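Everything quoted here is computed from the prediction, not taken from an experiment.
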Number of protein chains: 2
Amino acid sequence: MTYKKADLFDKDLQRIAEVAKIMSHPARLAILRYLANCKTCISGDITNEIPLSRTTVSQHLQELKRVGLIHGEIDGLKVNYCLCNTCITDIKKNFISFLDEISITENIKC
Amino acid sequence: MTYKKADLFDKDLQRIAEVAKIMSHPARLAILRYLANCKTCISGDITNEIPLSRTTVSQHLQELKRVGLIHGEIDGLKVNYCLCNTCITDIKKNFISFLDEISITENIKC
DNA sequence: TTTTTATGTCGTATGTTTACGTCATTAAAC
DNA sequence: GTTTAATGACGTAAACATACGACATAAAAA
């Protein structure tokens, strides 16, 4: 009965909140940054780059995949991960739009 | 011994993650949006606007205050809250910079 | 075919967030 | 001076996130 009242809010706020939550862990941000720079994108390489156990990194990768920020493509034993540019563009649009919305120019007092 | 390995990551990623975490709840986004629109900003008004208990809203307000997104100013019995534009501008800069960084143009495959 | 390698899934301990009722405090109204 | 009103702080239950070891799977190498 307690908990999870998030659905009481506007859909657009819920979406921004969802994306923000995904970005709320530095490991996931580090993964995104790494994927933006590397060419190979193999899961193992990401694991080596991140100072956490393989399992934990894998878990973060699944999260990123779940919201659509990255894609994974099986290549034999290995998995190639890469960023979803469409999704990132979309997120950028959403964030900027929200932050613009709350950037008032004429400030009232404090 | 388990838990909280966040400090192993770059300071800039930690800061973005911290801000993202604050933005990861629709109630807090709704508060920010409301503060951007209203003139009065009295705590009680915010509580009426948000479909959560007074205590919970107060808690969210403290969180927003903690990271510097809003300021509160005591006015007798009441408290006037308002957005911190400097902080919001800063956040916008940080987010856009990170999202630009991971927006690769030449995509490799997927 | 057996072994090795790369990855994901499951279980679980511990820490954190969310949500709210109750209590404390302090200013204003009476 | 008492009462009422507006807030914040405290305590706490339930849900969720983080981190990781152990197990499972399936491709590649030996």
Quiz prompt | Ion pair check, Asp12(B) and Arg33(A), cut-off under 4.0 Å | solution = yes

Exercise. Round to the nearest Å and state the distance from Ile22(B) atom CD1 to dT18(C) atom P.
Key: 8 Å

Practice problem: Classify the side-chain pair Lys92(B)/Ser103(A) by whether it contains a donor and acceptor separated by less than 3.5 Å. | Solution: yes

Quiz item: Among residues 55-62 of chain B, which residues get a heavy atom nearer than 4.0 Å to DNA chain C?
Solution: Thr55(B), Thr56(B), Gln59(B), His60(B)

Quiz item: Can you tell me if the side-chain N/O atoms of Lys21(A) get under 4.0 Å from OP1 or OP2 in dA17(D)?
Solution: yes

Self-check item: Phosphate OP1/OP2 of dA14(D): any Lys4(A) side-chain N/O under 4.0 Å
Solution: no

Quiz item: Rounded to the Å, how far apart are Asn80(B) CG and dA6(D) P?
Solution: 14 Å

Quiz prompt | Short side-chain N/O contact to dG8(D) OP1/OP2 from Tyr81(B), under 4.0 Å | solution = yes

Quiz item: Touch check for Ile42(A), heavy atoms < 4.0 angstrom, all strands: base, sugar-phosphate only, or nothing?
Solution: sugar-phosphate

Practice problem: Output yes when a side-chain donor or acceptor of Glu63(B) lies under 3.5 Å from a complementary backbone atom of Gln59(B), and no otherwise. | Solution: no

Practice problem: Give the nucleotide from the list dA6(D), dG8(C), dA28(D) with an atom nearest to the side chain of Leu77(A). | Solution: dA28(D)

Quiz prompt | Between dA27(D) (C1') and Ile74(A) (CD1): distance, integer Å | solution = 11 Å

Quiz item: Just how far, in rounded Å, is P of dT7(C) from CG of Asp75(A)?
Solution: 10 Å

Quiz item: When the nearest nucleotide of DNA chain D is assigned to Gly76(A) and to Ser24(A) on a heavy-atom basis, which residue is associated with the more 5' position?
Solution: Ser24(A)

Practice problem: Could you state the atom-to-atom distance from CG of Leu64(B) to P of dT18(C) in whole Å? | Solution: 11 Å

Quiz item: Just how far, in rounded Å, is C1' of dT17(C) from NZ of Lys5(A)?
Solution: 15 Å

Practice problem: Please assess Thr86(A) against Thr89(A) for the test side-chain hydrogen bond (donor to acceptor under 3.5 Å, both in side chains), listing each intermediate value before the final yes or no. | Solution: CA-CA 5 Å; Thr86(A) 322; Thr89(A) 307; over 6 Å; no

Practice problem: Assess whether one donor atom and one acceptor atom, taken from the side chain of Arg54(A) and the base of dG21(D), lie less than 3.5 Å apart. | Solution: no

Quiz item: So His25(B) and His60(B), would you call those rings parallel, tilted or perpendicular, with 30° and 60° as cut-offs?
Solution: tilted

Practice problem: Map Ala6(A) and Lys65(A) onto DNA chain C by nearest heavy atom, then report which one ends up closer to the 5' terminus. | Solution: Lys65(A)

Practice problem: Return the value, rounded to whole Å, for the distance between atom CD of Glu63(A) and atom P of dA19(D). | Solution: 12 Å

Quiz item: If you take all heavy atoms of Phe9(B) and Leu52(A), which pair is closest and at what distance?
Solution: CZ-CD1, 4.0 Å

Quiz item: Between dA19(C) atom P and Arg28(B) atom CZ, what is the distance in whole Å?
Solution: 9 Å

Quiz item: Got a sec, which hydrophobics cluster with Ile96(A), joining ILVMFWY side chains under 4.5 Å apart, including via others?
Solution: Ile96(B)

